[in-house]
Amino acid sequence: MRVFPLSNWSERDVWRYTLAEGIPVVPLYFARSRPVVRRANALIVVDDGRFPLEPGEVPEQRSVRFRSLGCYPLSAAIESRASTVSEIVAELDATTTSERQGRLIDGKGAASMEAKKREGYF
């Protein structure tokens, strides 16, 4: 038997709980100006030498945050001004996209996490 107690929680549920309980949050979840390049409709943060730039790519400063964190550079940022938990909750109240929209691996066909979710894995 598999048990995933939080799998029925939405991203909004998690952030509301975080706000209510005053849980500390990793700074990458908060928006700030970061150097990014747009690649394959994703904003990739380029803040060190691990990410090789393609010809013509030039990082630009944008106010971004992460909705989901994963292995670098498989997590794309989103444009945002939300720099507090309250602002993240307000931003989520207005969004219609999945928190996993920035997980680049999720777009990889049958092995994607979204596909596994639909199949009942979670």
From CG (Leu69) to OH (Tyr29), nearest 0.5 Å: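 Nearest 0.5 Å value for the CG-OH distance: 3.5 Å.
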Distance in Å, Arg12 CZ paired with Glu91 CD, rounded so as to fall on 0.5 Å steps: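 Atom-to-atom, Arg12:CZ and Glu91:CD are 11.0 Å apart.
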Within 6.0 angstrom of Asn41 CG, more than 12 heavy atoms from elsewhere: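 Count not over threshold, so no.
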Over 12 foreign heavy atoms within 6.0 Å of CZ, Arg81: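 No, because the 6.0 Å sphere around CZ of Arg81 holds 12 heavy atoms or fewer from other groups.
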Is there a side-chain contact between [X] and [Y], using heavy atoms and a 4.5 Å cut-off?
| X | Y | answer |
| --- | --- | --- |
| Ile88 | Thr84 | no |
| Ile44 | Arg38 | no |
| Leu28 | Arg65 | no |
| Val37 | Phe51 | yes |
| Trp15 | Asp93 | no |

Ignoring hydrogens and angles, tell me if any N or O in the side chain of [X] forms a donor-acceptor pair with the backbone of [Y] under 3.5 Å.
| X | Y | result |
| --- | --- | --- |
| Arg34 | Val64 | yes |
| Asp13 | Ser10 | yes |
| Thr18 | Val14 | yes |

Where Ser33 and Gln61 come nearest, the two heavy atoms and their spacing: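 Heavy atoms of Ser33 and Gln61 come nearest at OG-NE2, 2.8 Å.
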Heavy-atom closest pair, residues Ala76 and Ala42: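 Looks like CB-CB, 3.7 Å.
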Donor on one side chain, acceptor on other, Glu79 and Ser63, under 3.5 Å: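 On atom types as modelled, these side chains do not qualify, holding no pair under 3.5 Å.
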Side-chain H-bond candidate by donor/acceptor type, Ser83 with Glu87, under 3.5 Å: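 Yes, Glu87 and Ser83 have a side-chain donor paired with an acceptor closer than 3.5 Å.
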side-chain contact (heavy atoms from CB on, under 4.5 Å) evaluation trace for Leu43 with Ile78: CA-CA 7 Å; Leu43 292 173; Ile78 62 161; over 6 Å; no
Hydrophobic cluster identity match, Val58 and Leu53, side-chain contacts under 4.5 Å: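 No, Val58 does not connect to Leu53 through the hydrophobic network.
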